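Contents: one structure, followed by commentary.
Computation of the quantities below employed the complete heavy-atom set of this structure, encompassing side-chain atoms and omitting hydrogens, waters and symmetry-equivalent molecules. Nothing here was measured: the structure is a model prediction, and the numbers come from that model. In listed order, ligands and their atoms are each counted from 1.
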Amino acid sequence: MMKPRVLIIEDEAPLVTLLRYNLEKEGFEVSEAADGEEALVRIAEHKPDIVLLDWMLPLVSGIEVCRQLRRMPQTRALPVVMLTARGEEADRVRGLDSGADDYIAKPFSLRELAARLRAVMRRAQPSSSEETLQFDEVTMDLAAHRVSRSDKPIHLGPTEFRLLRHLMQHPGRVFSREQLLDAVWGHDVYVEARTVDVHIRRLRKALNADGGPDLVRTVRSAGYALDHEAR
Ligand code: CA
């Protein structure tokens, strides 16, 4: 099997050394960049599978580097895990809003970091080959464009269909409105974040039409997730 490739974008040399040592031990092939500009060169050369990006960078912050990666077609789909000393929820949301796929606060366990990187890479796998998705009693037949809950058909509009597909591809994961906009509506479409709430409401209503537990979880000031026992 090919080793997964990770690009570390971090300016503090001792931390880079520590990360490199541990990620290599965990089976990663590691490249490094000290800032966003160097990162672009490394990405072109090294073709990483995932980027580990420090929030605190000189000149241009990790948040801005992440936004840049999301804007460019050649790096748009590259998974990004943000590394930061800032653990507050508002910061976490800002990190995710900038397009990061996951977020790890310092101090962190190196083993957990490797596990998180692998999890994000798994989620980033293209899923076009998947014919059906299953979550609890909800089934999505992607080829036939059919959705059912406990074998009863559920009728969804095209946007709700794509929204549900995205949530079912990443069960349990919380997405901000901006992330859902990017994933479901696309980067180039201008839609207000509130639009997401409207479609989530329609999706929830359709899914719960025949009762059963609410599977769409609303996370205050963070976003939405598909979850068992939504709260
Ligand atoms: Ca740093």
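The nearest N/O/S atom of Glu12 to the Ca ion (ligand 1) is OE2. Nearest N, O or S atom of Asp54 to the Ca ion (ligand 1): atom OD2. Residue-level check: among N/O/S atoms of Glu10, OE1 sits closest to the Ca ion (ligand 1). When distances from the Ca ion (ligand 1) to the N, O or S atoms of Asp11 are compared, OD1 comes out shortest.
Remark: Glu137 CD to Arg149 CZ distance equals 4.0 Å, nearest 0.5 Å. Gln169 contributes atom CD, which lies 11.5 Å from atom CG of Leu226 (distance to the nearest 0.5 angstrom).
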Could you give me the CA-CA distance, side-chain angles and deciding distance for Asp182 and Arg70, then say whether side-chain contact (heavy atoms from CB on, under 4.5 Å) is met?
CA-CA 10 Å; Asp182 281 351; Arg70 285 294 170 260; 5.7 Å; no

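Taking the six-membered ring for Trp and thresholds of 30 and 60 degrees, His145 and Phe161 have nearly parallel ring planes, at less than 30 degrees apart.
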